[in-house]
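For the numbers below, each heavy atom of this structure counts, side chains included, while hydrogens, waters and symmetry mates do not. The chains referred to below are lettered A, B, ... by the order of the sequence lines, with proteins before strands, and numbering in each begins at 1.
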There are 2 protein chains.
Amino acid sequence: MGRPRTALLDKERITTTALGLVDRHGDFSVPRMAKLLGVQTASVYHHVDGRAGVIELLRERVASAIDAGTLALRPWDAAMAAWARSYRAAFAAHPRAIPLLTASPVRAPQVLIQYEHAAGLLQAAGFPLERIVAVIAGLEAIVLGSALDLAAPETMWEVPADGSTPRFAEALAAGGSGRADAAFELALEAFMEHCRRLLEHGGWRMAAGDGDRGDGVGDRG
Amino acid sequence: MGRPRTALLDKERITTTALGLVDRHGDFSVPRMAKLLGVQTASVYHHVDGRAGVIELLRERVASAIDAGTLALRPWDAAMAAWARSYRAAFAAHPRAIPLLTASPVRAPQVLIQYEHAAGLLQAAGFPLERIVAVIAGLEAIVLGSALDLAAPETMWEVPADGSTPRFAEALAAGGSGRADAAFELALEAFMEHCRRLLEHGGWRMAAGDGDRGDGVGDRG
DNA sequence: ACCTGAACACCGTTCAAGT
DNA sequence: ACCTGAACACCGTTCAAGT
């Protein structure tokens, strides 16, 4: 029983099967994928660079839902904010995959091109060249950090039953159900507003605590 | 060869060994730990709730380096910023552990007590009760998201050699070496300033785009 | 080129047997 | 209570053999 006339497997089907397993069970294994695909475990290795390769495919698949068109919006802050929301929404669609995906970054060309667009956008908007990576990386940190909150929603903010954290419990109860979304929007809004201000006021060179209004926050060293 | 007069193992030694393996090799396994500890694999299970239990111990160990004293600082924004920096520094000390640790949150009482202190701090500062969790969660997202950047520093921002991302490459070169730190500081500064402003101006109820100054950024729906 | 069957080293976990 | 030795099911990966 050797090579079939037409290939039984392809990366598409492999990726879909793996993502289905992750969505349902929080993880995948090559043998389980093979069983679902009706194939021997070893067959998968003819199409994919092992387990790590499957994870990379998952990363690309999930990231493909990011709407690159957002970066064509103007002005630049509308573009970056919409991009960040789309980025996070792509991860939010597969919360159980998030721990698998955040361990290492997306290297797919389609995503690197988005970085390129973002860099061009920020450069055109007037950001100093040496700050552009920090802006992109900061925004991405907010996106990924907020995404982690979606991965374990129940346990993330489980409050001890012994009443040892009354004020936190109170705040948690008052916060309502959309906590993760609210935190993301708060951080995103803060980030965009800060960048807008720095751009307008040319404040990039300002030393800490020079008194414009309450900038000196603490141990900056 | 049964039970020894004095126990060979304890959680301390197990945790230290696991963390050493993670620091050196990026991962650990129960058999490898046992070998280093000079003990049978099964022995570890008498002290720890399996592999998941070891990970929880790692979480606690790493989190124990967070300086809870920062939350006693005043004013509230100095406290929160110092806490965030200490939080991130604790993770930064073990970058290869970060993917293991961010998959699920810290449930150790010592850390939950820090949430409690933060909640009290923000309440006393005058934050509306229903926004306090969003402030804490937003700050934590920035901390954890920035920490992920430390886990894979080389590959995180590897630029394709084919010249397909010239502006991004340019920005990367101009950004210098402390990229991850700069991004974290930028996001943290933005977050603290935004919270300060909202507190002072009572802006929490403001609808998006009501014109204060360019707040309406995009697809908020 | 692609699938199979068998093999290998390794893993997490359990458990009866010892003290 | 704690350590051992043996066992079990499962995993990732490789490879020669087939077409």
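For C/dA1, the OP1/OP2 oxygens have no side-chain nitrogen or oxygen of A/His47 closer than 4.0 Å. Contact annotation: A/Gln40 side-chain N/O to C/dC3 OP1/OP2 distance is not under 4.0 Å. Of the side-chain N and O atoms in B/Arg3, none sit less than 4.0 angstrom from OP1 or OP2 of D/dA1.
Picking from D/dT13, C/dA6, C/dC3 the nucleotide with the shortest atom distance to the side chain of A/Pro4 gives C/dC3. In this structure, the nucleotide among D/dT14, C/dC2, D/dC3 sitting nearest to the side chain of B/Val39 is D/dC3.
Taking atom CZ of residue B/Arg13 and atom P of nucleotide D/dC2, one finds them 14 Å apart after rounding to whole Å. Atom CG of A/Leu37 and atom C1' of C/dC3 are 13 Å apart (whole Å). A straight line from OH of B/Tyr45 to C1' of D/dA1 spans 19 Å, rounded to a whole angstrom. With rounding to whole Å, A/Leu9 atom CG is found 13 Å from C/dA1 atom C1'. Distance CG (A/Asp49) to P (D/dG12): 14 Å, rounded to an integer number of Å. Atom NZ in A/Lys35 sits roughly 14 Å away from atom P in C/dT4 (whole-Å rounding). When rounded to the nearest whole Å, the span between CG of B/Leu8 and P of C/dT19 equals 16 Å.
Remark: B/Lys11 does not engage B/Glu60 in a salt bridge, criterion side-chain N to carboxylate O under 4.0 Å.
When all heavy atoms of A/Pro31 and A/Thr41 are compared, the pair lying nearest together is CA-OG1, 3.5 Å. What you find for A/Ala108 and A/Glu56 is that their closest heavy atoms are N-OE2, 4.3 Å. Across A/Ile136 and A/Ala118, no two heavy atoms sit closer than the pair CD1-CB, 4.0 Å. Taking all atoms of both residues into account, the shortest heavy-atom contact from B/Arg74 to B/Leu121 is NH2-CD1, 3.0 Å.
Side-chain N/O atoms of A/Tyr87 and A/Glu140 include a donor and acceptor closer than 3.5 Å.
The residue B/Ser43 sits close to a base: some heavy atom pair falls under 4.0 Å. Within 4.0 Å (heavy atoms only), A/Ala7 reaches sugar-phosphate atoms of the nucleic acid but no base atom. Within the nucleic acid shown, B/Arg32 comes within 4.0 Å of sugar-phosphate atoms alone, with no base atom in reach, counting heavy atoms only.
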- Message: Wobble G-U and Watson-Crick pairs count when both distances are under 3.5 Å; given that, what is the 5' to 3' dot-bracket string of DNA chain D, with | for pairing to other strands?
- Response: ||.|||||...|||||.||

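Heavy-atom distances to DNA chain D give each of A/His46 and A/Thr41 a nearest nucleotide, and the one nearer the 5′ end belongs to A/Thr41.
Among residue pairs with one or both ends in residues 13-37 of chain B, those qualifying as salt bridge (charged side-chain N to carboxylate O under 4.0 Å, His left out) are B/Asp27-B/Arg51; sequence neighbours excluded.
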